Amino acid sequence: MESPAETPKPSDFIREIITEDQKTGKYEKRVHTRFPPEPNGYLHLGHAKSICLNFGIAQEFGGKCNLRFDDTNPEKEEQEYVNSIIDSVKWLGFDFGPEAFYASDYFDFMCRAAEYLISAGHAYVDSQTAEEMRQNRGTLTSPGKDSPFRGRSADENLRLFLEMREGRHEDGSMVLRAKIDMASPNINMRDPALYRIKHAQHHRTGSSWCIYPMYTYAHPLEDAVENITHSICTLEFEDQRPFYDWLLERLADGGLLRRPLPGQLEFARLNLSYTVLSKRILIQLVSEGHVKGWDDPRMPTISGIRRRGYTPEALRNFCERIGVAKRDSMVDLALLEYCIREDLNRRASRVMAVLRPLKVVITNYPEGQEEELEAINNPEDLNAGTRKVPFSRELYIEQDDFCEDPPKQFFRLAPGREVRLRYAYFITCDKVLRDEKTGGIAELHCTYDPETRGGDAPDGRKVKATLHWVSARHALKAEVRLFDTLFTVEEPGAGSGDFRTDINPNSLEILSPCYIEPGLADAAAGDRYQFERMGYFCVDPDSAEGALVFNRTVTLKDTWAKIQKRQNKK
RNA sequence: UGGGGCGUCGACAAACGGCAAGUCAGGAGUUUUUGGAGCUCCCAUUUGGAGGUUCGAAUCCUCCCGCCCCAGCCA
């Protein structure tokens with residue numbers, strides 16, 4: 001049936017490097033990656049890329065991938081974020097073993113390593129203020145100056161570091177720094193800070209510590225302790241790699257670490273048009289109330305996109321399609337939308353729902369009569385079977401499906417015109433009734449052709465359009481939430497420097513009441529459907545008994561909308 | 001003006017000195033009881049630019065141009 005030989009292997013420069021390492025036996029044929037989020041926010045699409053990369057590689061090479069919380073800054077981190085991250089990784093479909101890892105579990109070791117560095121003359125306690133340190137760091141083009149405390153003896157440094165740890169000094173009064181080279185052209189090598197004093201409650205270690213390691217110092221150690229082979233991160237850490245290696249080499253020399261040591265590999269982070277993938281800005285979107293929370297369906301967070309109705313499969317497929325490389329790029333939102341349409345087209349049951357209702361009375365259909373018509377659940381998957389949909393004299397159709405004075409390529413319903421009601425009958429519009437007050441279209445009077453039951457005319461006559469509909473008497477009322485991009489421009493904030501100026505004021509439109517076919521009465525939160533001709537929708541957790549709420553995941557491809565756009569331009 | 005990266009179709013992205021894959025977007029057609037889906041075809045004589053090496057260059061060399069990152073006791 002399948003031809004496994006045809007399975008294309010995802011390939012990128014990272015996988016190539018790892019394949020080479022496997023050949024040379026650099027890590028004794030082991031592959032061990034990690035996904036190391038800081039629990040200071042929810043995971044977003046950019047993280048999804050990293051998760052798929054790291055866990056994907058582990059799977060492909062028969063290795064492991066650790067989920068590790070980089071919880072070294074207690075002031076920004078919370079348990080809620082830890083929980084949401086675990087939830088998102090699992091939902092995406094990856095297995096990180098029996099438990100997650102935490103940088104905070106290594107604090108003791110990190111501290112011992114620091115003491116070793118001090119005694120070996122590779123680190124010192126600096127009592128300069130932050131401002132002084134900044135001044136003495138030099139600039140991009142000029143070297144820095146040695147700290148006046150750089151020459152302290154190992155004994156004094158050890159004593160001071162111990163005091164820092166014991167809480168004898170105030171926040172900011174001193175830091176532990178690596179002793180490397182204040183004149184290095186790489187600013188990251190100008191004696192980077194290793195430990196700072198923070199009298200803060202940590203979400204896991206409580207008040208056991210008042211000094212916390214810096215990322216720069218902690219991260220290589222975390223990798224080494226977990227026996228990571230390939231430490232994959234984003235481009236902005238590239239300059240940090242010399243320090244990563246410097247640190248690990250020294251600790252291996254000192255016998256605190258075993259070789260082979262992990263190595264850092266960098267790839268370009270994901271950028272997506274019309275969206276923002278910066279934790280800082282996502283936090284602001286939430287805290288400033290531009291959205292309703294981290295899982296607002298407009299958010300590019302994993303929890304948001306999940307609530308929106310995206311599937312893990314679609315997301316993983318997206319991550320595979322965008323590839324992995326070193327060049328800065330901006331992925332077209334259309335690709336993400338393509339991925340979810342592709343997936344949902346295969347699996348979502350079709351159903352009829354009228355979002356902006358227009359009443360239609362079939363004048364020649366007997367009052368009080370009703371019947372059930374058979375509808376296909378999924379033309380892409382005939383195993384999904386069929387269902388019965390009730391039909392009666394009064395129906396709703398979509399307002400957009402009728403036009404009193406139709407433009408050139410409009411072939412939906414219009415006065416005197418015949419169209420098909422899907423799975424039902426051909427109807428012809430005879431009369432347009434207006435609202436006395438507003439003058440707007442209130443109702444349509446149509447006649448049906450009983451010979452066309454099911455949607456085919458025995459005389460072979462054709463219609464140019466098929467409309468979805470719902471029986472007024474049987475319909476379920478529901479609320480439907482339509483989403484547009486959160487931003488109006490491809491690159492939010494690029495022009496003004498402030499993302500706020502590009503926020504789309506119309507990113508959410510709530511429609512109510514909408515009319516849904518009655519079979520959906522028992523739909524549960526998370527259920528996904530295609531509303532025929534309208535798009536893919538999923539049941540929002542805000543739904544209550546008898547009060548369904550749907551989120552529009554994505555529209556269907558809309559050729560008519562494209563034609564209209566073109567017509568308007570002319 | 002220091003250091004580190006990166007420039008291949010509108011957007012991603014392959015090609016690893018042998019004659020520019022694929023995908024999305026866009027276009028044309030076909031089909032259709034979703035203007036959906038499917039199917040077919042079109043869409044880089046050319047790889048940021050200029051030189052050079054070579055029988056042969058997106059791939060190697062030189063110079064130039066452009067973009068991104070680094071001066072947190074953030075990660």
Side-chain angles (χ1 to χ4, degrees), chain A residues 8 11-12 16 36-38 40 70 72-73 75-76 126 128-130 133-135 137-144 171-177 184-190 192-198 211-212 214-216 218-219 233-242 266 268 270 273 279-280 320-339 341-342 345-346 350 352 375-376 379-380 409-412 419-424 426 452 454-456 462-468 490 530-535 555-563:
Chain A
S11 186
D12 52 68
E16 276 174 18
E38 183 190 13
N40 67 341
D70 211 343
T72 57
N73 186 356
E75 286 163 350
K76 294 186 174 173
D126 195 350
Q128 293 183 105
T129 64
M133 269 181 67
R134 194 177 64 76
Q135 300 265 307
R137 187 149 28 225
T139 69
L140 294 180
T141 51
S142 60
D171 288 13
S173 59
M174 43 183 70
V175 305
L176 182 72
R177 298 178 77 175
S184 171
N186 180 351
I187 292 189
N188 297 289
M189 296 298 270
R190 319 239 260 233
L194 271 27
Y195 261 102
R196 76 287 218 185
I197 303 171
K198 266 183 201 290
I211 58 170
Y212 291 92
M214 301 285 293
Y215 164 87
T216 311
H219 206 88
C233 63
T234 45
L235 253 29
E236 68 270 26
F237 294 104
E238 214 154 10
D239 290 342
Q240 213 100 246
R241 194 168 66 223
E266 310 88 5
L270 170 66
S273 60
K279 253 196 207 175
R280 196 195 92 242
E320 198 171 304
R321 280 167 182 271
I322 58 178
V324 178
K326 292 198 76 155
R327 93 175 67 114
D328 293 310
S329 61
M330 171 74 70
V331 173
D332 196 336
L333 217 212
L335 182 61
L336 213 214
E337 295 188 334
Y338 171 83
C339 290
R341 283 193 189 107
E342 182 189 46
N345 176 51
R346 258 196 337 253
R350 279 120 260 203
M352 291 195 284
I376 294 165
E380 302 294 319
Q409 294 175 75
F410 183 93
F411 35 80
R412 273 111 97 142
V419 299
R420 169 170 39 234
L421 292 181
R422 182 148 230 228
Y423 300 123
F426 284 13
T452 58
D456 279 311
K462 301 283 182 199
V463 289
K464 294 194 84 173
T466 300
L467 311 187
H468 62 278
E490 282 194 28
Q530 183 197 103
F531 288 177
E532 294 226 21
R533 304 205 306 135
M534 301 305 285
T555 61
L556 253 29
K557 224 169 104 187
D558 192 346
T559 308
W560 170 234
K562 218 177 278 176
I563 293 168

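Naming convention: chains lettered A, B, ... in sequence-line order (proteins, then strands); numbering from 1 in each chain. Computed from a prediction, not measured in an experiment: that's the story for all the values here. Just so you know, these numbers use all the heavy atoms, side chains as well, and skip hydrogens, waters and symmetry mates.
Nucleotide B:rC68 holds its P atom 19 Å from the CZ atom of A:Phe237, rounded to whole Å. Following rounding to the nearest Å, A:Arg321 (CZ) and B:rA13 (C1') show an atom-to-atom distance of 12 Å. In this structure, A:Met214 atom CE and B:rA71 atom C1' are separated by 13 Å, rounded to whole Å. Rounded to whole Å, the distance from CG on A:Leu335 to P on B:rG22 is 17 Å. With rounding to whole Å, A:Glu236 atom CD is found 16 Å from B:rG72 atom P. For the pair A:Gln128 CD and B:rC73 C1', the interatomic distance rounds to 12 Å; values are reported in whole Å. The separation between A:Lys562 atom NZ and B:rG27 atom C1' is 9 Å, rounded to whole Å. In this structure, A:Glu266 atom CD and B:rG3 atom P are separated by 19 Å, rounded to whole Å.
For the pair A:Lys326 and A:Arg533, nearest-nucleotide mapping onto RNA chain B gives the more 5' position to A:Lys326. Along RNA chain B, the nucleotide closest to A:Tyr195 and the one closest to A:Ser329 are compared, and the more 5′ of them pairs with A:Ser329.
Rounded to a whole angstrom, the distance from the C1' atom of B:rG22 to that of B:rC61 is 31 Å.
Between A:Thr129 and A:Arg134 the shortest side-chain heavy-atom distance does not fall below 4.5 Å. At least one side-chain heavy atom of A:Arg321 sits under 4.5 Å from a side-chain heavy atom of A:Tyr338.
In this structure, the aromatic ring of A:Trp560 is positioned over the six-membered ring of the base of B:rG35, centres within 5.5 Å and planes within 30°.
When heavy atoms are screened at a 4.0 angstrom cut-off, A:Glu238 is found touching the sugar-phosphate backbone but no base atom. When heavy atoms are screened at a 4.0 angstrom cut-off, A:Val175 is found touching base atoms of the nucleic acid. Within the 4.0 angstrom heavy-atom criterion, base atoms lie near A:Asp456. A:Lys279 comes within contact range of no nucleotide atom at all, as no heavy-atom separation falls under 4.0 Å.
Between A:Lys76 and A:Glu38 there is no salt bridge, since none of the side-chain N atoms of the basic residue sits less than 4.0 Å from a carboxylate O of the acidic one.
Consecutive Watson-Crick or G-U pairs involving RNA chain B, each under 3.5 Å on both distances, make up stems of three or more pairs at B:2-7 with B:65-70, B:10-12 with B:22-24, B:26-30 with B:38-42, B:48-52 with B:60-64.
Between A:Arg350 and B:rA37, a side-chain N or O to OP1/OP2 separation shorter than 4.0 Å is absent. Checking the phosphate oxygens (OP1, OP2) of B:rC74, a side-chain nitrogen or oxygen of A:Arg196 falls inside 4.0 Å. For B:rC73, one of the phosphate oxygens OP1 or OP2 lies less than 4.0 angstrom from a side-chain nitrogen or oxygen of A:Arg137. Between A:Thr72 and B:rA75, a side-chain N or O to OP1/OP2 separation shorter than 4.0 Å is present. One finds a side-chain N or O of A:Thr559 lying less than 4.0 angstrom from the OP1 or OP2 phosphate oxygen of B:rG36. Applying the 4.0 Å criterion to OP1 and OP2 of B:rG66, one finds that A:Arg327 has every side-chain N and O outside that range. Checking the phosphate oxygens (OP1, OP2) of B:rC74, a side-chain nitrogen or oxygen of A:Lys198 falls inside 4.0 Å.
Between the side chain of A:Arg241 and the base of B:rG4, no donor-acceptor pair of N or O atoms lies under 3.5 Å. You'll find a donor-acceptor pair under 3.5 Å spanning the side chain of A:Asp239 and the base of B:rG3, going by distance alone. In this model, a side-chain donor or acceptor of A:Glu16 finds a partner on the base of B:rC16 within 3.5 Å.
Here the side chain of A:Ala325 is nearest to one of B:rA14, B:rG10, B:rU34, namely B:rA14. Checking B:rC70, B:rU34, B:rG5 against the side-chain heavy atoms of A:Ile187 singles out B:rC70 as nearest. Checked against B:rC12, B:rA71, B:rG36, the side chain of A:Pro379 finds its nearest nucleotide in B:rG36.
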A:Glu238/A:Lys326 under salt bridge (Lys or Arg N to Asp or Glu O under 4.0 Å): CA gap, chis, key distance, verdict: CA-CA 11 Å; A:Glu238 214 154 10; A:Lys326 292 198 76 155; 2.4 Å; yes

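Side chain of A:Thr234 to backbone of A:Glu236: no donor-acceptor contact under 3.5 angstrom is found.
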In B/S/- notation, 5' to 3', how is nucleotides 38-44 of chain B contacted by protein heavy atoms closer than 4.0 Å? -------

